[in-house]
Amino acid sequence: MIDILDGNQCAAWGARRAKAQCVPCFPITPTTEIIETIAAWKAKNEFKGEFVQLESEHSAASACFGASLTGARVFTATSSQGLLLMHELLPIISGCRTPMVMTTVSRCLSAPIGLWPDHNDTLAMRDAGWIMFICETNQEVLDSVIMGYKISENNKILLPVIVNMDGFVHSYTRTEVDIPEQKLVNSFLPHPKREIRLDVKKPMTLGIPAMGLDYMKFRAQLHRAMMDSFDVIDKVQKEWAKLTKRKYDFVEEYKMKGAKAAIVMIGANTTIARAAVDEMRKKGKKVGLLRIRLFRPFPEKQIRKALEKVKNIAVIDQNICPGMGGILYPEIKMALSGTKKTISNYIQGLGGNFISEKDYIAILNDAIKNKKEERKWQM
Amino acid sequence: MLSKLIKEKNVHSAGKKGIPHAVEKQKLIERKNWRTWKPVIDYDKCIKCGMCWLHCPDSAYAFNKKGFPECDGRVCKGCLLCITVCPVRCISAEQERGLTEKKEKEKKK
Amino acid sequence: MADVNEIKFDIKKEMVKDHLITGGTFACAGCNPVLGIRLVLVALGKNTIMVNSSGCMTLTATWPFTPYRIPWVHGAIENGGSVAAGILMGLKALKKDSNTHVVVYAGDGATYDIGFQALAGMVYRKEKIIYICYNNCQFANTGHQRSSATEKYARTSTTPPPIGNPLPRKNMAKIMALCGAEYSATASITNPFDFIKKLRKAATMKGSSFIDVLAPCEPGWVVEPWETLKAGNLMVETGMWPLYEIENKKFTLNYKPKMLPVVKALQMQGRYKHLTEQQVTEIQRTVINEWEMITKGRFWEAEEY
């Protein structure tokens with residue numbers, strides 16, 4: 001079914017098609033439309049799951065934790081300060097290995113308070129033990145939510161998933177979206193029975209304290225599950241591609257063939273950067289673009305392979321770690337450690353500061369010439 | 001590297017699928033070395049009212065076939081709350097033998 | 001519904017059943033909060049899912065050992081109410097909620113202070129959850145700091161003598177009744193039959209229930225292990241801890257204490273050792289005043305009870 005939807009509606013459709021059973025939530029701009037859409041469906045009985053608005057994001061995340069422990073399929077959405085309020089619960093949810101999907105709509109952090117997108121909120125959660133997808137289009141948001149459940153509920157993985165989109169740029173911008181048919185999603189996404197859950201017939205103690213070496217063993221297994229999820233994600237993405245002909249990968253290469261300089265980035269602004277790459281290619285300059293879609297677990301191998309032949313790399317960070325620089329930059333450097341490449345860092349678009357095609361052209365022109373690593377701000 | 005470490009350290013022993021959970025297997029952790037006193041029941045006086053059973057924080061009391069309460073020495077921590085709640089005062093405290101023996105030995109020295 | 005004293009509880013019937021919480025926990029000898037869990041499980045049976053807020057009771061289970069024979073989960077300290085709400089939501093979605101009690105067992109710090117929001121939200125939404133606060137009048141697990149359940153002039157590690165805690169305690173049962181709890185009550189571990197009957201009554205409610213149960217903490221109150229029940233009992237008998245219930249905003253006093261002089265209860269507890277005569281008189285005066293309020297139909301005007 002082809003429709004014209006904005007990002008928020010896409011996330012809601014993802015939850016509806018995946019037949020989410022519990023939606024505990026709390027409103028925050030720019031995610032509010034997600035829960036409003038689900039509430040409207042619930043009122044018309046088009047959405048069959050339980051829908052409850054709680055008193056804070058912290059409580060919403062707690063309710064997600066509780067609901068997922070019973071074995072139900074859980075969906076929620078939040079953004080910015082709300083995500084930070086949830087932060088305490090995120091490692092608990094992943095540590096107890098409770099699968100769920102959360103849509104985070106990126107919005108800059110306070111203070112000063114702003115409404116527009118940058119990735120500081122979502123990237124702050126990178127150590128929480130959640131699988132993280134950072135999307136570029138509305139269609140990708142919808143598909144990732146559905147695929148997210150399949151990855152999350154895999155019995156080997158049992159980890160929660162974040163599907164991130166950019167506030168306003170995705171969340172309130174309408175584009176053409178193909179909503180997969182319910183039958184197709186049903187066959188793609190069965191609801192596997194969870195062995196370890198809260199059930200009066202099979203009493204279990206969950207969220208149990210563990211001390212010393214035991215704690216470290218549990219953490220090692222969490223890390224292990226995260227690393228194992230690469231295979232599962234790959235399999236799920238290929239299965240989805242077969243069904244819908246929409247291919248997704250850990251990283252997305254754009255015109256990387258023979259490229260000597262490349263932009264590495266995440267998020268919605270990639271679409272603008274693509275146009276810049278097209279422009280440059282028209283002029284005969286060998287430039288390309290690499291978008292990282294899967295941020296956690298970090299696809300080191302794929303990044304190294306994609307950038308194997310590229311000499312000059314410009315890492316674009318729409319986020320800032322004050323006192324260090326971009327958050328993505330050191331990760332890319334780590335992935336490429338030991339290689340002789342010039343890797344520069346550009347901080348831009350904080351708080352939704354507008355970036356045009358020209359800015360990317362300037363970055364690419366810079367990158368081609370660069371012999372020294374640079375760290376620049378673009379305003 | 002990690003997989004080697006996981007094998008060496010037997011990381012998979014930490015819970016099924018690495019999920020921090022536990023199932024009660026009737027296997028008790030013994031707490032008998034916590035106590036210095038233990039309750040002793042005088043069954044001639046006992047009226048089987050169950051107050052010791054109800055008030056025991058460590059679930060040490062269970063009833064035998066004759067309906068009399070018995071204190072499980074493995075888990076009793078010797079708090080002696082049962083003595084204070086017994087309506088007929090049929091429970092008395094006895095110092096742990098291990099402890100008295102130790103003291104006697106020390107005295108002899 | 002009828003008076004709580006009319007609810008039947010036959011101890012002989014319960015005595016033959018297995019314990020739903022076993023021994024071998026890390027709790028201190030004579031720990032009343034653990035006893036509280038036992039009483040809850042005696043009252044509600046095995047169809048109970050228990051949510052725990054961080055505190056001493058979290059450490060009753062430590063991997064791989066667990067004393068629980070019921071489903072039990074620990075989330076964090078401030079979210080007992082909302083984790084329970086999530087569990088109830090999940091059970092509803094899976095259509096398993098009809099015969100299961102969802103119970104929160106949280107300390108007074110996690111109820112009166114940090115978890116107030118989650119509890120108030122749960123009560124506001126009228127979720128069918130029984131929230132039990134085991135009240136030892138302090139943050140016992142972290143080393144006996146003041147909570148808003150700490151009584152006036154009591155010593156804690158953050159309100160040291162000579163003054164002790166300068167503030168009176170909050171009256172949580174009353175607050176919860178006003179927040180919309182269908183059933184709100186105070187109880188004491190020292191009156192287990194009253195507590196169990198209140199739990200059974202709460203289980204029949206359609207909305208939220210809140211039970212604030214006094215559970216002395218032996219290192220916190222500085223009493224001997226075998227004195228905990230006596231210390232709690234004296235709190236009830238001196239009138240410092242009234243036992244009442246509020247059902248749909250209708251107040252009923254469940255127990256008439258002997259009204260012993262408060263000094264008897266205070267003398268016993270090490271945390272009141274520093275009190276001057278003047279302070280004792282003030283506490284006594286407050287108790288007399290408050291009791292006059294609640295026995296003469298002015299319960300909603302009473303400040304502390």
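We use all heavy atoms of the structure for the numbers below, so side chains are in, but hydrogens, waters and symmetry mates are not. Everything numeric in this text was worked out from a predicted model, so none of it was measured. Labels below follow one simple rule: chain letters A, B, ... track the order of the sequence lines, proteins then strands, and each chain is numbered from 1.
No other option in B/Ile83, B/Asp72, B/Leu54 has as many heavy-atom pairs under 4.5 Å with chain C as B/Leu54. When each of B/Val75, B/Leu81, B/Val85, B/Leu80 is scored by its heavy-atom pairs under 4.5 Å with chain C, the top score falls to B/Leu81. Interface remark: of the candidates B/Ser59, B/Gly67, B/Cys49, B/Cys79, B/Ser59 forms the most heavy-atom pairs closer than 4.5 Å to chain C. Of the listed residues (B/Lys48, B/Glu30, B/Lys32), the one with the most heavy-atom contacts under 4.5 Å to chain C is B/Lys48.
No donor-acceptor distance shorter than 3.5 angstrom exists from the side chain of B/Lys77 to the backbone of C/Gly23, with no hydrogens or angles considered.
Looking only at side-chain heavy atoms (C-beta outward), C/Thr25 and B/Asp58 come within less than 4.5 Å of each other. Residues C/Thr228 and B/Thr84 have side chains not in contact (no heavy-atom distance under 4.5 Å, counting atoms from C-beta outward).
For C/Ile37, no part lies near chain B; criterion is any non-hydrogen pair under 4.5 Å. Neither the backbone nor the side chain of B/Cys76 comes within contact range of chain C, judged by heavy atoms closer than 4.5 Å. For C/Glu14, the parts lying near chain B are the backbone and the side chain together; criterion is any non-hydrogen pair under 4.5 Å. When heavy atoms are compared at a cutoff of 4.5 Å, C/Ala27 approaches chain B by way of both its backbone and its side chain. If you measure heavy-atom distances from B/Trp34 to chain C, the contacts under 4.5 Å come from the side chain alone. C/Pro67 touches chain B through its backbone: at least one of N, CA, C or O sits under 4.5 Å from a heavy atom, while the side chain does not. Residue C/Ile196 touches chain B through its side chain alone, counting heavy-atom pairs closer than 4.5 Å. With a 4.5 Å cut-off on non-hydrogen atoms, C/Pro192 touches chain B through its side chain but not through its backbone.
Heavy atoms from other residues, nucleotides or ligands lying under 6.0 Å from NZ of C/Lys12 number more than 12. Around the NZ atom of C/Lys230, the shell of radius 6.0 Å holds no more than 12 heavy atoms that belong to other residues, nucleotides or ligands. By the 6.0 Å contact criterion, NZ on C/Lys46 is open, its count of non-hydrogen atoms from other residues, nucleotides or ligands being 12 or less.
Rounding to the nearest 0.5 angstrom, the gap separating the OG1 atom in C/Thr22 from the CD1 atom in B/Ile29 is 9.0 Å. Summarising the geometry, atom CH2 belonging to B/Trp53 is positioned 7.5 Å from atom CE belonging to C/Met15; distances are rounded to the nearest 0.5 Å. Atom SG of B/Cys56 and atom NE2 of C/His19 lie 7.0 Å apart (nearest 0.5 Å).
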- Task: Could you please spell out the steps behind the side-chain contact (heavy atoms from CB on, under 4.5 Å) verdict for B/His55 and C/Leu229?
- Result: CA-CA 9 Å; B/His55 282 88; C/Leu229 283 174; 3.6 Å; yes
